[in-house]
Amino acid sequence: MIEKTYEPGAVEGRIYQSWLDANAFAAGAGAKPGAETFSIVIPPPNVTGSLHIGHALNNTIQDILIRFERMRGKDVLWQPGTDHAGIATQMIVERRLMESQQPSRRELGREEFLRRVWEWKAESGGTIMNQLRRLGASADWSRERFTMDEGLSEAVRKVFVELHAKGLIYRAKRLVNWHPGLETAISDLEVENIETNGKMWHLKYPVDNSDEYVVVATTRPETMLGDTAVAVHPDDERYRQLIGQHVILPIVGRRIPIVGDEYADPELGSGAVKITPAHDFNDFEVGVRHDLRPINIFTPQARINGYAPKEYRGLDRFEAREKIVADLDAMGALVWVEEKKIMVPYDEKTKQVVIEPYLTDQWFANAEVLAQPALKSVREGRTVFVPKSYENTYYAWMENIKPWCISRQLWWGHQIPAWYGPRNNADPDFNRADAGPKVFVAATEAEAVKQAMAYYGRAVEVHTGGLQSGAYLKAYAAFETTQRDRLTPQTWAQIKQDDPFAELRDSKVPLHRDEDVLDTWFSSALWPFSTLGWPDDTPELKKYYPTDVLVTGFDIIFFWVARMMMMGLEFTHQEPFHTVYMHALVRDERGQKMSKTRGNVIDPLGLIEGYGADATRFTLAAMAAQGRDLRLAMSRVEGYRNFVTKLWNAARFLEMNECRRVAGFDPKSCRLPVNRWIVGATARAAAAVTRGIEEYKFNEAASAAYDFVWGTFCDWYVELAKPILTGDDAEARAETQATAAFVLDQILKLLHPMMPFVTEELWGETGKAGPRREKLLIVSEWPDLAGLEDAEAEAEMGWLIDLVSGIRSVRTEMNVPAAAKIPLQIIGAGVETGTRVESQLAALMRLARLGSVDYVSDVPKGSAQLVLGEATFVLPLAGIIDLGAERARLEKEIGKLDEDVEKIDRKLGNEQFVAKAPEEVIEEQRTRRAEAIDRRERIAAALARLS
RNA sequence: GGGUGUAUAGCUCAGCGGGAGAGCACUACCUUGACAUGGUAGGGGUCACAGGUUCAAUCCCUGUUACACCCA
C-alpha cells in the first residue's frame, strides 16, 4: 500500500541506502556490455566547506546528466572528491586555534600545525560529501579523491618538475599581489577592486638646486618613502625642461631624478607622478624602463621597514599615511587634498584586507605558452562552451593572460618540490647578486639530493623545518632568507666577502626545501586526469579520460576551466572535456547575490528538510535556463513540492484502482482512443525530456515533464480513465489498468534524473504488484517510445477536451451550480461527431457533469450554445441562464473572429505577402480564415436561435 | 573606460520571424471516492523606448534608457 502522504524525510535515507547496497553508483553500474562511456569529474568543493545553494545547483545538474546517461545504458563514472583549498582551510584552522585560545600557527610550527589541519580535515572533511548524498548525488564514492592524496600529490610534483624542465615554470622577483594579513602572495584573480571614497594628496617636491618645485598627486602618500623618481610626460610643455633634473624627496631627503615617461598622464592630477617601483604595478614598469632600483619600504605585514626614516619604522601603512600627511603638511609640502573615488584592491574573499603590490621572489608559470593550445581547442571546437557566449570571455582572458604566480607563502598545500643550496664557487652565476641560491627541482628528495651531489661533487644534507641549528647554518641562513627578499645588496656583498662556505668544505652541503606551497588551483588544474590515476597509465584513465562534460559556474572559468584546459593539453595532449556547461549564479528572489553578511542565504539543506530533496532538485533544474542568473523564489520550491505530492497521489490512485503492470504489455496494442492517446502523449513527453537533457536545457526538460504529468496525465487521463475503471467493460478496464501502469512507469523513469527519491520509492511500491521488477529504477532503461504517436486518437481526445472545457466554461459563466447535472443536446452532428460522442459518452457526461445527451433538430429558446467542429452543442438552460449574458458571450466571440478574419484578409490581400511568403504559411492563413468564417457562421446561427 | 547579458502578466520566469505562455499571487465556485500540497472557470500584458531590415518583428539589426555581471 502506498502511504497516504509522501514524507521525504522518512524515505530519502532509506532509498539512498538501497542504491548504495545495490552498488548502483559504481563506475559502469547498469552499463550495457561494450557501452560508450560517459564521465564527469565533480568540481571539487573545499574540503572543509559545507553545501551552499550553488553547490546544490551544480551537483543537481551533474546528477541529472549522470542518472540520465546511466539509464541510457552508458558506462558512467561520476568522479567525486574535494579540494584542499589552501588559504581557506589554513585560515579556518588558524581561526579555530585562536578561538580556543591555543598557540598560534607560528608558535606550533609547521609540522604540528599541519598535523592539526589534517586532524580538522578528518573531522569535518566529510561534511560536504555527506551533504551531497542528502541531495541524492550518485557519484562513485568508492573513488573519492582529495587533492592532497598521495597519488594526486605525485601528479602535482611531476607536472611541476616537467614544466620547470621545459622552462615553463620559473622563479622570479616580481611585484605580486600580497596579502599582508596572511603574508602570502595571491593571484590577480583573488583581488577585487572596489570603488571607495578616497583622497588624492597633492605634494610639493622641491627641485634640486632650484627654487622651483614639482607638484605630484598620489592616492597613497605613505609610499613616498619608497619613491625613486618623478615622471612627467615627455611632451608635456610644463615639465619638459625639468626632465633630467632631480628633486629632493621630502622627509627622506633622497635625491631622485625627474624622468620623461608616457605613463604620466598630463590630464591627470598635476601631470607629474611620483614613481614607487616597489609598491605599484605601473611604477614598477616605469622603473624597469628607466633603470630605477625599487626600494621596498614595507615588511610582509605592510608595516614600514628599516629602509625608511626611523620615526616611521614599525608603523602600519595606514598609520604611516596619517603621520606622513601630517608631517608633509607641517613642512608646507602638502598643497591640497582632493576628494576622489578610487579603486582599492581588496582580497576577494573577505573584502576586508587591502592587497599590497609587493616585491618578492615567487614561482611563476608561463601561462602565455600554455594558453595557446587551450585557445586553439576552443577556437576549433574540440571543446565547446554552453552557452557559447562564454567562449568570448574565455578568449578575452586567455589572449591577455599574465604569468601565473603559483607559489603561496602558506603551509597547507603541496610543498614546492624545489631544494635550495648555496651556489658553487664554480657556478658562473656565483657573483651575480641577483642570482639567488642554487635551485634543484625534483619530484623526490632523493632525486634532488642526487642532482645536488652532482653539482657540488660532495655529500649534501637536507634540512627541514627551517634552519635554526648547526654552526655552519649561520652562513646559510642568509641564503634561506633570499626567498623572503630580506637580502639587501649590502649584506650580499658582505656574505661573499666573508666566503662563509670556506668553513663548510669538509662538511655536507646543506640543502633546504622551499617552504612555500603551490596555489590550490595548480592541483585543481590536474583534477580531470589526476583523479583517474595519472601519471600511471591506469585502466580508469584509459576508459574515462577525456571526460565528457564539465559542469561549473562561470565564476571559476579563469581559475579553473582555463587551467584544466592548459594542463590537460600539455600533459595528456587531449582536451579534458568536450563540453563545458556553465550554469548561472543562484540569487535570492530580489536578484541579490547570496551572502552571509546580507543574511539572504538560502540553505539547500533547509530546503531539503522543508520540501524534500526532489522538490529542491526539481526547482533548481526548472530554473536553470541557460545564460541567466536564477532567482530562487520559495514559491517555486513550494510549487514543486506540490508536484511531488501530485505524482504521489496519482500513483496512489492507480494502485487503488488496481492499475498493475502487465508482463509483456505492448502499448501499440491499445484499442481505446484514450489509451492510444496517452501512450502517444507519453512518447512525446519522453522525447521532449530527452531532448532537454541532451541539450543542457534542464528547464525545458523539467517543464516538459511537469506539464505532461500534471497537465495531461493527472488532469485529463486519470479523469478520463475513472469511468472506465469503474465501468462494466472488463476488457476496457483491463486495457486501461495496464496502460495506466505502463505510463506511470515511463513517468517515473522520465522524472528520475530530476526527482530520484520519490520516483525510486514509487518504483518500489508499484513493483509489489504485477511482474517482479528486475532492477532498481536508477539502473532501469530510459524510455524509448518513438513511433507510439497516434494522430487519430489525439484528434479525438483533443476534441473531447475542447468540448468538456467549453461546457465547463459556459457553466461557470452562466452560474450553473457545480453539482447540477444538466442535459446536453447536439445539433448538426455529422458522422465524426456522432462516433466520438458515442465513444466518449461516459467521460463526457462525467467531466462536464451532464445528466443526459440527446441529438435534436431544434434548439429550445434561451439555450447556451457551443460550436465545435461541424456540430453545435446546446445546453438548454432556459430560465437559468441570463440571456443578455449569453448574447454578450456569443457576440464577443464573433467580434474576436471578425478581428481575426480581418487581420488574415489584410495579409492575404497584400500582394507582397502572397508573392514572397512561403506556400505553407499562406496555406495556413487560408485554412485559418476558412475555419474562422465557418465558426463565425455557426455562432451567428446560435445567436439567432437564442431568442 | 572596455566587454557581456537582461528588460515579456502584480511577482518569479519560459518562449519565439507568421495565432502572447507557465508557476505563484488574485477573483468566483467546488470537501465530485488519488490529491484542499487539490479541482473547475476567470481577470490581468503597446512583449522597456526610438528607428531600421522584412511580405510579416515581441523575436533579427542599430541606437537610447535602466539594471546586473565581468575585465581594467
Side-chain angles (χ1 to χ4, degrees), chain A residues 2 4-6 188-189 191-193 281 343 345 387 389-390 392-393 395-397 400 554-555 557-558 584-585 587-593 611-612 615 619 622-657 659 697 699-700 702-703 706-707 710-711 714-715 718-719 721-722 725-726 804-821 846-849 896 899-900 903-904 906-918 920-922 924-925 928 931-932:
Chain A
I2 300 178
K4 183 147 171 61
T5 51
Y6 174 63
D188 305 352
L189 295 169
V191 178
E192 185 174 331
N193 290 298
F281 287 99
M343 298 302 273
S389 56
Y390 284 112
N392 290 328
T393 314
Y395 294 146
W397 191 70
N400 296 295
F554 63 86
D555 49 327
I557 183 167
F558 308 138
L585 220 64
R587 297 167 177 280
D588 74 359
E589 271 163 278
R590 284 170 305 181
Q592 294 192 309
K593 225 168 159 165
Y611 301 95
T619 306
M623 301 195 79
Q626 280 180 17
R628 190 167 171 156
D629 286 345
L630 67 243
R631 298 191 191 192
L632 193 59
M634 294 306 276
S635 62
R636 292 289 291 267
V637 189
E638 215 171 288
Y640 293 122
R641 187 267 325 264
N642 295 353
F643 179 53
V644 171
T645 308
K646 188 77 180 172
L647 173 69
W648 184 260
N649 281 302
R652 265 183 79 222
F653 171 82
L654 262 52
E655 185 188 60
M656 289 161 83
N657 286 277
C659 299
K697 293 178 178 170
N699 59 315
E700 290 184 13
S703 66
Y706 182 95
D707 289 347
W710 200 319
C714 293
D715 284 350
V718 166
E719 294 304 325
K722 279 177 182 173
L725 293 170
T726 54
V804 169
S805 304
I807 296 171
R808 282 170 173 172
S809 182
V810 169
R811 289 179 64 119
T812 305
E813 277 180 62
M814 296 303 137
N815 292 316
V816 177
K821 298 215 167 171
R846 184 186 173 104
L847 298 192
R849 314 214 111 243
K896 211 170 156 238
E899 238 172 74
D900 282 357
K903 228 157 116 187
I904 296 170
R906 254 202 314 262
K907 260 187 196 171
L908 288 169
N910 183 342
E911 283 172 40
Q912 298 276 20
F913 173 72
V914 181
K916 293 188 178 169
E920 64 267 24
V921 171
I922 298 172
E924 195 199 332
Q925 296 294 320
R928 274 183 51 204
E931 280 170 1

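Each chain gets a letter, A, B and so on, in the order the sequences are listed, and its residues count up from 1.
As rounded to whole Å, 15 Å separates atom P of B:rA14 from atom CG of A:D707. Between the CG atom of A:N815 and the C1' atom of B:rU40 there is a distance of 13 Å, given to the nearest Å. One interatomic measurement links the two molecules: CD1 of A:I807 to P of B:rU32, which rounds to 21 Å at whole-angstrom precision. One interatomic measurement links the two molecules: CD of A:E700 to C1' of B:rC13, which rounds to 13 Å at whole-angstrom precision. One interatomic measurement links the two molecules: OH of A:Y390 to P of B:rU6, which rounds to 10 Å at whole-angstrom precision. Distance A:I922 CD1 to B:rG19 P: 14 Å, rounded to the nearest Å. Between the P atom of B:rU37 and the CE atom of A:M634 lies a distance of 17 Å, rounded to the nearest Å. Straight-line distance from the CZ atom of A:R641 to the P atom of B:rA36: 12 Å, rounded to whole Å.
A:K646 and A:C714 get closest at one heavy-atom pair: CE-CB, 3.6 Å. What you find for A:T619 and A:Y640 is that their closest heavy atoms are OG1-CD1, 3.4 Å. A:V191 and A:P345 get closest at one heavy-atom pair: CG1-CB, 3.6 Å.
Using a 4.0 Å cut-off, some side-chain N or O of A:N642 falls inside it from OP1 or OP2 of B:rG38. Between A:K697 and B:rG15 there is no side-chain polar atom (N or O) within less than 4.0 angstrom of OP1 or OP2. Applying the 4.0 Å criterion to OP1 and OP2 of B:rA34, one finds that A:K4 has every side-chain N and O outside that range. Between A:K722 and B:rA34 there is a side-chain polar atom (N or O) within less than 4.0 angstrom of OP1 or OP2. Contact annotation: A:W710 side-chain N/O to B:rG39 OP1/OP2 distance is under 4.0 Å.
If you check every strand for non-hydrogen atoms under 4.0 Å, A:P918 touches a base. A:A915 comes within contact range of no nucleotide atom at all, as no heavy-atom separation falls under 4.0 Å. Across all strands shown, A:S809 has heavy atoms under 4.0 Å from sugar-phosphate atoms exclusively, and none from any base. Within 4.0 Å (heavy atoms only), A:R652 reaches sugar-phosphate atoms of the nucleic acid but no base atom. Across all strands, A:T812 comes closer than 4.0 Å only to sugar-phosphate atoms, never to a base (heavy-atom distances). Residue A:N400 is out of contact with every strand shown, counting any heavy-atom pair closer than 4.0 Å. At a threshold of 4.0 angstrom between heavy atoms, the contacts of A:V644 with the nucleic acid are absent.
Each of B:rA14, B:rC55, B:rG23 was ranked by its minimum atom distance to the side chain of A:N699; first place goes to B:rA14. Taking the side chain of A:D715 as heavy atoms from C-beta on, and the options B:rG18, B:rG39, B:rC69, the nearest nucleotide is B:rG39. Which of B:rU12, B:rG18, B:rC55 sits closest to the side chain of A:Q912 comes down to B:rC55. The side chain of A:K907 lies closest to B:rG18, out of B:rA34, B:rC69, B:rG18. Relative to the side chain of A:R636, the nucleotides B:rU12, B:rG15, B:rC69 differ in distance, and B:rU12 lies closest. The side chain of A:F558 approaches B:rC71 more closely than any other nucleotide in the set B:rA34, B:rU12, B:rC71. With B:rU32, B:rC55, B:rA34 as the choices, the nucleotide that has an atom nearest any side-chain atom of A:R849 turns out to be B:rU32. Closest contact between the side chain of A:T645 and the listed nucleotides B:rG18, B:rA41, B:rU37 involves B:rU37.
Toward the 5′ end of RNA chain B lies the nearest nucleotide of A:A818, the other residue of the pair A:A818 and A:F643 mapping further downstream. Each of A:A650 and A:M343 has a nearest nucleotide on RNA chain B; the 5'-most of these lies closest to A:A650.
Using bins of under 30°, 30° to 60° and over 60° for the plane-to-plane angle, the ring pair A:Y706/A:F643 lands in the tilted bin.
Residue A:R808 places no side-chain atom within donor-acceptor reach of the base of B:rU40, judged by atom type and a 3.5 Å distance cut-off alone. At a cut-off of 3.5 angstrom, counting only N and O atoms as typed in the model, there is a donor on one side and an acceptor on the other between the side-chain of A:R928 and the base of B:rG19. In the interface, the side chain of A:E719 is paired with the base of B:rA34 through a donor and an acceptor atom under 3.5 Å apart.
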> Do A:E655 and A:R652 pass the salt bridge (charged side-chain N to carboxylate O under 4.0 Å, His left out) test, and can you show the C-alpha distance, the side-chain angles, and the key distance before you say yes or no?
Replying inline: CA-CA 5 Å; A:E655 185 188 60; A:R652 265 183 79 222; over 6 Å; no
> Under the side-chain contact (heavy atoms from CB on, under 4.5 Å) criterion, do A:L725 and A:F653 qualify, and how do the steps go?
Replying inline: CA-CA 11 Å; A:L725 293 170; A:F653 171 82; 3.9 Å; yes
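Within the shown strands, B:rA50 is the pairing partner of B:rU62 under the Watson-Crick or G-U definition, both distances less than 3.5 Å. Nucleotide B:rU37 is matched to nothing when pairs are restricted to Watson-Crick or G-U wobble geometry with both distances under 3.5 angstrom. Shown here, B:rG23 forms a base pair with B:rC11; the pair counts as Watson-Crick or G-U wobble because both key distances fall under 3.5 Å. The partner of B:rU4, taking Watson-Crick or G-U wobble pairs whose two distances both stay under 3.5 Å, is B:rA68.
Here the side chain of A:Q925 pairs no donor or acceptor atom with the backbone of A:K907 at under 3.5 angstrom. A side-chain donor-acceptor contact under 3.5 Å links A:T812 to the backbone of A:R808.
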